[in-house]
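Letters A, B, ... mirror the listed sequences (proteins, then strands); counts begin at 1.
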Amino acid sequence: MARVETAGPGTARAGRGRTGGGLAGFLIRRILQAIPVILGIILFSFIILHLAPGDAIDVMAGEAGTGDAAYMAQLREKYGLDQPLYVQLARYGVQIAQLDLGYSIRNNAPVRDLILQRVGPTLLLMSVSIVLSVAMGVLFGALAAVRRNTLLDDLISLVALLAYAMPIFWIGLMFIILFSVTLGILPSGGFYDVTQQNPGLLVRSLDVAHHLVLPALTLSLFYFAIYTRLMRASMLEVMSLDYVRTARAKGLGGAKVTVRHVVRNALLPIVTMLGMQTASLLGGAVVVETVFNWPGLGRLTYDAVFQRDYSLLIGILLMSSILVIIINILVDLTYSWLDPRIVAR
Amino acid sequence: MTSDSSFPLRFGPVSRRTFLGASGAAAATLLIGRSGQAFAAETPQKGGTLTMAIWPDPTALVCAFTTSDQVLLASSKMTEGLVAYGYDFKPQPRLATAWQLSPDGLTATFTLRQGVKWHDGKDFTSADVAFSFMQLLKPNHPRGRGTFANLTAVDTPDDHTAILRFSKPSPMAMNALSAFESPILPKHVYEQGDPLRNPANNAPIGTGPFKFVEWNRGSHITLERFDGYWAKEKPLLDRIVMRVINDASSRAAALETGEILLAGPNPVPYSELARFRSNAKFDVETRGEELLQHAQAIQVNLRNPALAKLEVRQAILQAVNRENLARAVWYQSGKPATSPIPYQAGDIRLANPPAYPFDPKKSEALLDAAGFPRGADKTRLKLRLDWVPLGEANLRAAEFIKQSLQRVGIEVSIRSSDLPTYLKAIYTDYDYDLNVFLYAPIFDPSMGLQRFYWSKAAKAGSPFVNASGYASPEMDKVLEAAGTEIDPDKRKALFHEFQKLAMTDLPILPLLDLDYTCIINKRVHDVMAMPEGIRGSFADVWLSA
């Protein structure tokens, strides 16, 4: 956990000195703490998923439109689904200990391969959306705070409210209708133009970027709204603090005070929010991935739930939780970079 | 039907004379399709890339071990069956060029096509056929044990003859030899190891007109023209790209921008169908579903004492205005059913089965007679209603039925669940009263319908079988006789008898015969040449500029 030292601004420099030495210790401590968390997640997801009625074999037989009992029994036996739950759990534990995520019955492929295939597009979409939404949110939130109670402030608040209130899939569809169907300037979906045969790396990258515009914009709009509201409130709070008045009193210009003293301190709640929302972006991306046919993890997860593909689902949950743990560590480090009074330990 | 222009063409009276029609003619000459219709002036062109939609992402690309619709869609371009069935439901040559069924129905001799290559360059022989049926399809196809229950051996006297031997006559097996029911797979690829985990399931090696190039899961599947295909000059297309597009509105947008040229079945929200029908750029087809056929019905749990009474089941059917159901829920893509066998099935459908027209007054009288008068709160009876979670149309149908039954004094509570939960409640626990579901009767009722009516098909834990608790010795006798009857006329009479019984006993209340739609950009030609439609091989499909 990051803790705020109860020290005044005068001791800030000393504080930073201490963190530098303890970084390795901090990381080791956090990784050790993560192990029981990850074990808990495996156990919890394993049990809760098996509490849901039906299994992958039911779904497969359902799709075939017939229930041949002998065929279903044969499949269950082959994949060990006829064993008691604790035996299945023990087998899974042994597998995971060997860093083997298992085999997806539904997709006829190793879970690791399935996840690796999808993780790239998801990370690309997520990172671009986060950068875009934080950048827009901080910029417009700060602007609204500096120009509070003006027309600009009202306008920004209105746009943020609209972006927040509109369902994400609807915005996505409206973008498609406007930019793809009516104007014809952006593709309606997909990761790249799949009919193009072996284009060069540059052409392919530009093509991906072209396809990324609409989904990234759609996904970032919602978070842009949240960051704008948060930034505005946070700025207003910081601007009323004593040290800002001190900075003004010592003769600093308005812009310098805002950028160096106000914005930097107002960013702390944004970082907290960002850490929390990175995790939820994985889930929120399902909708955007579906609307824009983005071949990411969200849709894979969604399908895995409805197909009772346990090994795939636990594999994804495991990977997401590791990602969340890493992001939390990064957030804590960012705190102490932004505000040296905060020591990561 | 609203749009007669897209109504299925019928090639004369349909007969069930399934099998004895031997034909050595090349398949290509038998493909009649629309060439005599709208596109008479155009000659097929070679080349081009066809982009089409597929959803959700398939779980494999070979339909021998998993049979969801999107797997059929992909598999059928790369693998082939011994025959393909035409609009008359008669077999046409594919991997087999001629065939003969012995008079006792126990031996079917197939002459196999010469000069057929697998995509990896090896020769196709009768050994592949024997291996596919005995080692792959019979034990591992989800329906294999049922369809080929009586298949005891496949003899291979030479490289181009395969003899299927049955312990009992099996007309059903003879109707299951197409690419999407029984794909023939290469023995040399599947010989080693577990066929279910064979890498070729995700990167097929077949004899079909297109060969596998890449599958980028969640994004697209690319297939390429197989230059060694046995039909010279075919296929006409250079490439097929199937794009995974999961959202119906996104598919509609992609069709309109031309990013995809073909999508089905039921690619766009029903509310948008009219818009596509009136757009001159597109054909909205309802053909191409004749081999599967589709229907919506209510499965009734006869274990409920109230529903065990025939009058109550008749009352429920007569309380639902099925014309309005077709209009409100399916936007006219369906019409009232008169029997479990839909109109696409031709003359095996009984002309005048016992009928139950919409009549709320009669319905109330029946409920009174059954001993369910309206109580103090105007309610006669409380029932639960489940709906199969395969499309919103079933939920809307459930809501429609709830309102209809409310008017005659039956209070209905709708229960919604995801597919595995639903399957367990209905088919394992039998914990339900009424169940709105969809089924594919298939052009051979022994394959598609018997399972819902045959008492021996009922088995807890098996989805989409008889879950009504219906057991009628008379019905069992008729179904079992139809299962082994190879005389087409006698078999037809048995299916007529089946429908009479089904509509008298009513363990299932047929609601609608459904038309599934497929939207095709007019640049794409001859998709509907065969009733396989979008699940066809696409050897003859071509693109105009």
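Looking only at heavy-atom pairs under 4.5 Å with chain B, the residue among A:D303, A:I177, A:V59, A:L300 that has the most is A:V59. Looking only at heavy-atom pairs under 4.5 Å with chain A, the residue among B:S249, B:G218, B:G448 that has the most is B:G218. Most heavy-atom pairs under 4.5 Å with chain B, from the set A:V305, A:L173, A:T195: that is A:L173.
Between B:F464 and B:Y439, the distance from one ring center to the other does not fall under 6.0 angstrom. Ring-centre distance between B:F437 and B:W387: not below the 6.0 Å cut-off.
For A:Y103, the part lying under 4.5 angstrom from a heavy atom of chain B is the side chain only. If you measure heavy-atom distances from A:A52 to chain B, you find no contacts under 4.5 Å at all. Interface remark: B:S219 contributes backbone and side-chain atoms alike to the contact with chain A (heavy atom separation under 4.5 Å). Of the atoms belonging to B:V244, it is backbone heavy atoms, and not side-chain ones, that fall under 4.5 Å from chain A. With a 4.5 angstrom heavy-atom cutoff, B:D194 touches chain A only via side-chain atoms. Using a 4.5 Å cut-off between heavy atoms, A:I57 does not touch chain B at all. With a threshold of 4.5 angstrom between heavy atoms, B:L390 does not approach chain A through any atom at all. For B:R239, the part lying near chain A is the side chain, with the backbone staying farther off; criterion is any non-hydrogen pair under 4.5 Å. With a threshold of 4.5 angstrom between heavy atoms, B:F65 approaches chain A through N, CA, C or O but not through any side-chain atom. Looking at B:P389, there are no atoms closer than 4.5 Å to chain A (heavy atoms on both sides), in backbone or side chain. Contacts of A:R299 with chain B are made by side-chain atoms alone, with heavy-atom separations under 4.5 Å and no backbone atom involved. Of the two parts of B:R197, the backbone and the side chain both hold a non-hydrogen atom closer than 4.5 Å to a non-hydrogen atom of chain A. Contacts of B:I245 with chain A are made by both backbone and side-chain atoms, with heavy-atom separations under 4.5 Å.
The contact list for residues 202-217 of chain A toward chain B, using heavy atoms and a distance under 4.5 Å, is empty.
Side-chain contact check for A:L81 versus A:I105: some heavy-atom pair is nearer than 4.5 Å.
With B:T421 contributing its side chain and B:S417 its backbone, the two residues share no donor-acceptor pair below 3.5 Å.
Judged purely by distance below 3.5 Å, without hydrogens or angles, the side chains of A:T290 and B:N246 never pair a donor atom with an acceptor atom. No hydrogens or angles considered: a donor-acceptor pair under 3.5 Å links the side chains of A:Q74 and B:N140.
Under the 30°/60° scheme for interplanar angles, the aromatic rings of B:Y516 and B:H294 are found to lie parallel.
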